[in-house]
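This report concerns only the one structure given below.
Each ligand, and each atom within it, is numbered from 1 in the order the structure gives. Note that the structure is predicted; figures quoted are calculated from it, not measured.
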Amino acid sequence: MDTIIRNGTVVTAAETYRADVGISKGRIEAIAAHLPDVPGATVIDATGKFVMPGGIDVHVHLELPFCGTVSKDDFANGTKAGACGGVTMLVDFAIQSKGKSIMEAVEGRRQLADGRVATDYALHGGITDWEMAEKEFDSVVDYGIPSFKMFMVYRSQGWIADDGTLLQALDATSRNGARILVHAENDDAIQMLLRKYGPQAQELGAWGHAITRPDYTEAEAISRAIRWAEETHGRLYIVHMSTGKGNDEVLRGQARGVDVQAETCPQYLLLNEELFKGKNGHLYGTCPQLRHADNCRRLWKGLQERSVQVVGTDTCTFDTKQKAMWSGDFRKIPFGMPGVETMMPLMYTFGVGQGHFSLNRMVELTAANPARLFGMYPEKGTIAVGSDADIVVWDPDRQVTLSAANLQTNCDWSPFEGYKVKGYPHVTLSRGRIVAKEGKFVGEEGWGKFVKRRPGGTL
Ligand code: URP
Ligand code: ZN
Ligand code: ZN
């Protein structure tokens, strides 16, 4: 063993117990009540701390060209930010360009990421041209990418998938074990509302974003995607779910036996649409948008009742300069916000701390379920002999006031500015190597590796 974490409380999705954890060459080698001393081994004192699998954020967009600019956290800094916040693996998206192959997008993303990432990462494919994607669907899965995002919106971006395309892709997943991640919003309804309210853009300000994407636009799209998954026996995952009505649709689909899983994000649990009325309301522009606070309550319940299975962040960082591109017109806001660095402290403080769920359930939502659903369990997502030593030693007593000024992200603002969290990473390890201490990055760019994943992932 080259590293021993001593006297901590190990927390997995299923268990909580006192143990030492021994690591050798990046993997967990032994777990026991007391491990013997090993000369030369690094010893991490975890007395009074939790030893948990590092977070796996399966929804990030690093250096994404989007809305006329490029998201500000790149693969190097995005993975560093994750490490500082207790996240040891990210999954980004390789979005196909029209008329081109998904593999071309994958190669492009790997060129940006390999040699620069500070922790491990993987990629989802992004399908924007099914005619091209269909031919390589199985081979991309074989390559180690068994999950694909499809968009029911973003017509002007050229990313939108129509129902027929969605139906065909879901049908294909029933045969090859891939999973389709759907961004569910009804584009036609949104376009109609944009035509209606667009002329009043300057008077409405950022509030225009709220009134042109009402909650039914998400719920309807979710119910439609579920219907297609039901008819095809396809494997569906709703990304960044933001509405209570959408959550009700997911619950109903699951009750009918549809393989539909859902993800929500800290911003949909903790923030609400009132922010659009403030001076800097445009900063919070994201798709789907922040909702009325009733939705937050319903989504916390979804995490509790197990209709929502994953917390991810949809990190897509735009700083104040980039957000200023809106010039008072809500239709021009670059959509997205930072998140990967604050997910774990927020979920611990407000999820566990406010009694929405247990710490085991937090591990399930942020590590075990992402690893299971996306084909990398038990190498990732748990503390077990043989698993990768992607570990966060969690200090439940550390109090931090979140502020962009003290975070690793390249963003100069935080949606959670001033939030007081209790519970923060003490040390983060990526495959046995210490990469962050007390919220500061101490690892190395290029340490992370691309992770190949298996199809058929399920809970
Ligand atoms: O506004 C967002 N969420 N930007 C990132 C792209 C997406 O739809 O996830
Ligand atoms: Zn999306
Ligand atoms: Zn996204």
Side-chain angles (χ1 to χ4, degrees), residues 56-74 78 82 90-96 105 109 121-128 147-161 166 179-187 190 206 208-210 212-213 217-218 221-222 225 236-243 246 261-269 271 273 275-276 281-291 310-319 322-323 325-326 330-340 343 370 374 409 411 413 415:
I56 301 175
D57 186 351
V58 291
H59 193 151
V60 300
H61 304 277
L62 303 174
E63 48 196 299
L64 174 73
F66 190 56
C67 298
T69 181
V70 179
S71 64
K72 194 91 185 177
D73 277 314
D74 58 14
L90 307 180
V91 190
D92 194 273
F93 296 78
I95 302 173
Q96 175 193 29
R109 292 260 107 191
Y121 82 105
L123 293 169
H124 304 290
I127 298 173
T128 62
S147 47
F148 300 84
K149 185 167 178 183
M150 295 180 79
F151 302 87
M152 297 169 87
V153 281
Y154 300 145
R155 193 180 297 277
S156 57
Q157 193 89 9
W159 289 356
I160 193 166
L166 202 50
R179 192 171 286 280
I180 299 294
L181 286 63
V182 166
H183 178 140
E185 288 186 278
N186 182 314
D187 197 69
I190 291 169
H209 188 50
T212 49
R213 305 180 99 91
T217 58
E218 182 183 77
I222 289 177
L236 177 64
Y237 178 93
I238 307 295
V239 291
H240 48 48
M241 190 168 69
S242 63
T243 59
Q261 313 297 335
E263 159 200 287
T264 192
C265 313
Q267 58 270 31
Y268 302 122
L269 294 162
L271 306 179
E273 64 185 11
L275 286 162
F276 292 125
H282 66 289
L283 296 179
Y284 300 89
T286 187
C287 283
Q289 52 135 333
L290 304 179
R291 309 287 179 180
V310 172
V311 174
T313 63
D314 194 14
T315 292
C316 191
T317 304
F318 295 117
D319 66 10
Q322 291 171 303
K323 290 278 185 179
M325 287 166 59
W326 85 307
F330 68 87
R331 295 167 296 181
K332 296 189 190 146
I333 302 173
F335 295 136
M337 48 174 80
V340 65
M343 172 175 84
F374 293 106
T409 171
C411 205
W413 70 284

Review point. Looking at the rings of Phe374 and Tyr237, which for Trp means the six-membered one, are their centres under 6.0 Å apart?
Key: yes
Check your understanding: Within the distance-only criterion (no hydrogens, no angle test), does the side chain of Glu263 pair as donor or acceptor with the backbone N or O of Val310 below 3.5 angstrom?
Key -> no
Point to revise | Stepwise side chain to side chain donor-acceptor pair (under 3.5 Å) test for Arg291 and Thr243 | key: CA-CA 7 Å; Arg291 309 287 179 180; Thr243 59; 5.6 Å; no
Practice item. For the pair His209 and Phe335, evaluate ring-ring contact (aromatic ring centres under 6.0 Å, His included) and give the outcome as yes or no after the intermediate values. Key: CA-CA 10 Å; His209 188 50; Phe335 295 136; 4.9 Å; yes
**Study point:** Per atom 7 (C) of ligand 1, closest listed option by heavy atom (Phe93, Tyr154, Phe318, Phe335)
**Key:** Tyr154
Practice item. Just jot down the ligand 1 atoms closer than 4.0 angstrom to any heavy atom of His183, in number order. Key: 8 (O)
Practice item. On the 0 to 90° scale, with breaks at 30° and 60°, tag the Phe66-Trp159 ring pair as parallel, tilted or perpendicular. Key: parallel
Exercise for review: Test side chain to side chain contact (heavy atoms under 4.5 Å, CB included) on Leu283 and Met337 and set out the steps.
Suggested key: CA-CA 8 Å; Leu283 296 179; Met337 48 174 80; over 6 Å; no
Study note, to complete from the structure: When distances are taken from atom 3 (N) of ligand 1, the protein heavy atom at minimum range is Asp314 OD2, 2.6 Å
Check your understanding: Is any N, O or S atom of Lys149 under 2.8 Å away from the Zn ion (ligand 2)?
Key -> yes
**Study point:** Criterion side chain to side chain donor-acceptor pair (under 3.5 Å) against Arg213, the qualifying member of Glu273, Glu185, Gln289
**Key:** Glu185
Review point. Any N/O/S of Cys287 under 2.8 Å from the Zn ion (ligand 2)?
Key: no
Practice item. List every atom of ligand 1 that sits less than 4.0 Å from any heavy atom of Lys149, numbering the atoms from 1 in the order shown and giving each element. Key: 7 (C), 8 (O), 9 (O)
Study note, to complete from the structure: For His59, the ligand 1 atoms with a heavy-atom partner under 4.0 Å come out as 9 (O)
Check your understanding: Starting from atom 1 (O) of ligand 1, which protein heavy atom do you reach first, and at what distance in Å?
Key -> Cys287 N, 2.8 Å
**Study point:** Closest His59 atom to the Zn ion (ligand 3) [N, O or S only]
**Key:** NE2
Exercise for review: Below 4.0 angstrom from a heavy atom of His240, which ligand 1 atoms are there? Numbered from 1 as shown, please.
Suggested key: 8 (O), 9 (O)
**Study point:** His124 side chain vs Val58 backbone, donor-acceptor pair below 3.5 Å
**Key:** yes
Point to revise | Member of Thr313, Asp73, Asp92, Asp314 meeting the side chain to side chain donor-acceptor pair (under 3.5 Å) criterion with His61 | key: Asp314
Revision key, fill the gap. If we number the atoms of ligand 1 from 1 as shown, the ones under 4.0 Å from a heavy atom of Gly336 are 1 (O)
Review point. In His61, the N, O or S atom nearest to the Zn ion (ligand 3) is which?
Key: NE2
Check your understanding: Is Thr264 reaching over with its side chain to a backbone N or O of Met241, donor-acceptor style, under 3.5 angstrom?
Key -> yes
Check your understanding: For ligand 1, which part of Gln157 has a heavy atom less than 4.0 Å away: the side chain, the backbone, both, or neither?
Key -> neither
**Study point:** Expected output: side-chain Tyr268 to main-chain Pro288 donor-acceptor under 3.5 Å
**Key:** yes
Practice item. Determine whether the side chain, the backbone, both or neither of Thr286 has a heavy atom under 4.0 Å from any heavy atom of ligand 1. Key: both
Check your understanding: the Zn ion (ligand 3) is nearest to which N, O or S atom of Asp314?
Key -> OD1
**Study point:** His183 atom (N/O/S) at minimal separation from the Zn ion (ligand 2)
**Key:** ND1
Review point. Going by the atom numbers of ligand 1, which of them fall below 4.0 Å from some non-hydrogen atom of His61?
Key: 5 (C), 6 (C), 7 (C), 9 (O)
